[in-house]
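Structure first, commentary second.
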Amino acid sequence: MPTLPVIQNSVVSSLGGEIMDTKISVVEKGAIARVGALFVEAFGHSPALVVSDGNTLGIGGFALIQSLEQKGIQVRQCCFAALPQVYADEYSIERVRHSLAQDASIAVVLGSGTLNDITKRASFEVDRPYMVVATAPSVDGYTSYGAAVSIRGFKQTLPCNAPTAVVADTNILCAAPMPMIGAGFGDCMAKFTAGADWIIADQMGLQPIREDVWTMVQTPLRVVYAEYKDIANRDPRAVGLLFDALSASGFAMQVMHDSRPASGAEHLISHIWEMEHLEMGGLPVSHGFKVAVGTLAMSFLYEMLPRMDFSSIMKKPAQSWEERQQSIEQAFSFAPALLEQILPISKSKFLSGDALISRRRAIQIALPHMLRRCTVQLPPFRELRQVMAEVGCPLTYMDINTTKANFLHAIRAAQMIRNRYTLLDLLYEAGFLEEALGAFDLGVY
Ligand SMILES: [Zn+2]
């Protein structure tokens, strides 16, 4: 059993460092002034390359560089423009990689999701560790391995290491724009439905829950949920707890080498919108906002689940593979090149004949246990929606600039893309997916 990292305001080196890339994690008021000392602790006196953009440089750049220089660290900079907003693509990665390649610098990224993903991947390409100084509690990707980047226009998660050191100054975090705090809160609330999906996979005997990893994610999630009012009021302590919970998800993914603990169908729905380049006001809708809408959609479906009559499960019609292939081709007509990756995955999880009959029997047997466990796992839909509204999360497809037709399409398509068993797979296999989606017409959603 690995030792679990304790995240709150702590140095992680002695706590599970042997299984995680991240050795140092500090979340506290005024932490920016400690960056230099923590850099030396992690990397000795290597030179540093501070990666930022026109916005983040103004937030903590001066204090960060001062802190490094006071420890005798030689600092160079790689600063992207404030506008147009930097994009995590092959060009931005190449710019940082090229800058790193000039000497033996270790990157220190000052920013949030996008800059972190660029730096993470560029550092991986030159085989170097890196450090993150977070500017917003907007996403759980700070501490995860893997970078969400767009190569030749296709969003994908490229392999790379998690940061060696993560520093978050709560004075800076709580001054972040409210939509970034809302995005992080949405990404955190996603762990409710991701957890429920894991319960389903566990109950079906498809992916057992690992208790230690489960606790790492689900315990801080509940702390954040209880503190939502203080987070909405930008209280530094509460916003720090949100950052801790997001970090914990990243640590759990590092320990598991899998995103299962942090990501279920709500994330798969958001991946579809990422592939479709969903935009609002000319800017990409943030990860946390897409995930927030996906989370409430899945929370709603979970609430509908006990009302569905599964006694007819064995009589429900099922698609043939040819029909299934046709639906997939239709669902991804917006990007046919993706079918090359999606069809083999869908085929690998497609069940027919006796395999489908025994799966439906297994669902029937597992269902009462799942319902009981999910009732304990999930807050009531209306309560969760109210809490998310107060912290500035988007609630429905309209809030992220899309239509109901596209929303339903995203849910259907989400079930086609990954080999990760979720409620959507269960509903599809049981022959209840369309009926379940009909519930979004009831007006209570
Ligand atoms: Zn996420």
Side-chain angles (χ1 to χ4, degrees), residues 7 22 88 111-118 120-121 132 134-150 155-160 162-163 166 168 173 176 179-198 213-214 216-218 220-221 224-225 231 242-276 278 284-299 384 388 391-394 400 410-411 414 417-418 420 422 424:
I7 293 102
T22 306
S112 59
T114 305
L115 284 171
N116 186 35
D117 281 331
I118 294 166
K120 191 185 265 200
R121 178 63 191 182
V132 179
T135 49
S138 53
V139 76
D140 69 7
Y142 284 112
T143 49
S144 67
Y145 60 88
V149 298
S150 181
K155 197 93 183 181
Q156 48 200 282
T157 303
L158 293 183
C160 44
V166 182
L173 296 184
M180 296 188 90
I181 298 175
F185 192 79
D187 206 14
C188 186
M189 294 303 106
K191 290 21 170 182
F192 278 124
T193 50
D197 282 340
W198 200 0
V213 174
W214 173 270
M216 273 174 86
V217 176
Q218 297 290 325
L221 160 65
V224 167
Y225 190 64
I231 293 170
L242 171 60
F243 191 86
D244 280 333
L246 292 168
S247 296
S249 291
F251 295 147
M253 291 187 265
Q254 288 188 45
V255 172
M256 277 276 285
H257 293 282
D258 185 1
S259 57
R260 167 62 96 176
S263 146
E266 75 296 319
H267 270 79
L268 300 180
I269 295 169
S270 88
H271 291 341
I272 300 298
W273 286 323
E274 261 150 42
M275 291 174 189
E276 292 179 335
L278 191 61
V285 177
S286 68
H287 171 75
F289 269 26
K290 286 177 283 207
V291 167
V293 174
T295 298
L296 284 171
M298 291 312 297
S299 154
L384 179 62
M388 289 173 71
V391 189
C393 293
I400 54 166
I411 299 175
I417 53 172
R418 271 287 301 269
R420 164 163 299 157
T422 71
L424 297 180

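Each ligand, and each atom within it, is numbered from 1 in the order the structure gives.
- The Zn ion (ligand 1) sits nearest to atom NE2 when only the N, O or S atoms of His267 are considered.
- Evaluation of the salt bridge (charged side-chain N to carboxylate O under 4.0 Å, His left out) rule for Asp197 yields no partner, not counting sequence neighbours.
- In summary, no N, O or S atom of Asp140 is located under 2.8 Å from the Zn ion (ligand 1).
- A side-chain donor from one of Thr22 and Gln254 sits under 3.5 Å from a side-chain acceptor of the other.
- Residues satisfying the side chain to side chain donor-acceptor pair (under 3.5 Å) test with Arg121, not counting sequence neighbours, are Glu125.
- A side chain to side chain donor-acceptor pair (under 3.5 Å) with His267 is found for exactly one of His287, Lys290, Arg420, namely His287.
- Among the heteroatoms counted here (N, O or S) of Asp187, OD1 is the one nearest to the Zn ion (ligand 1).
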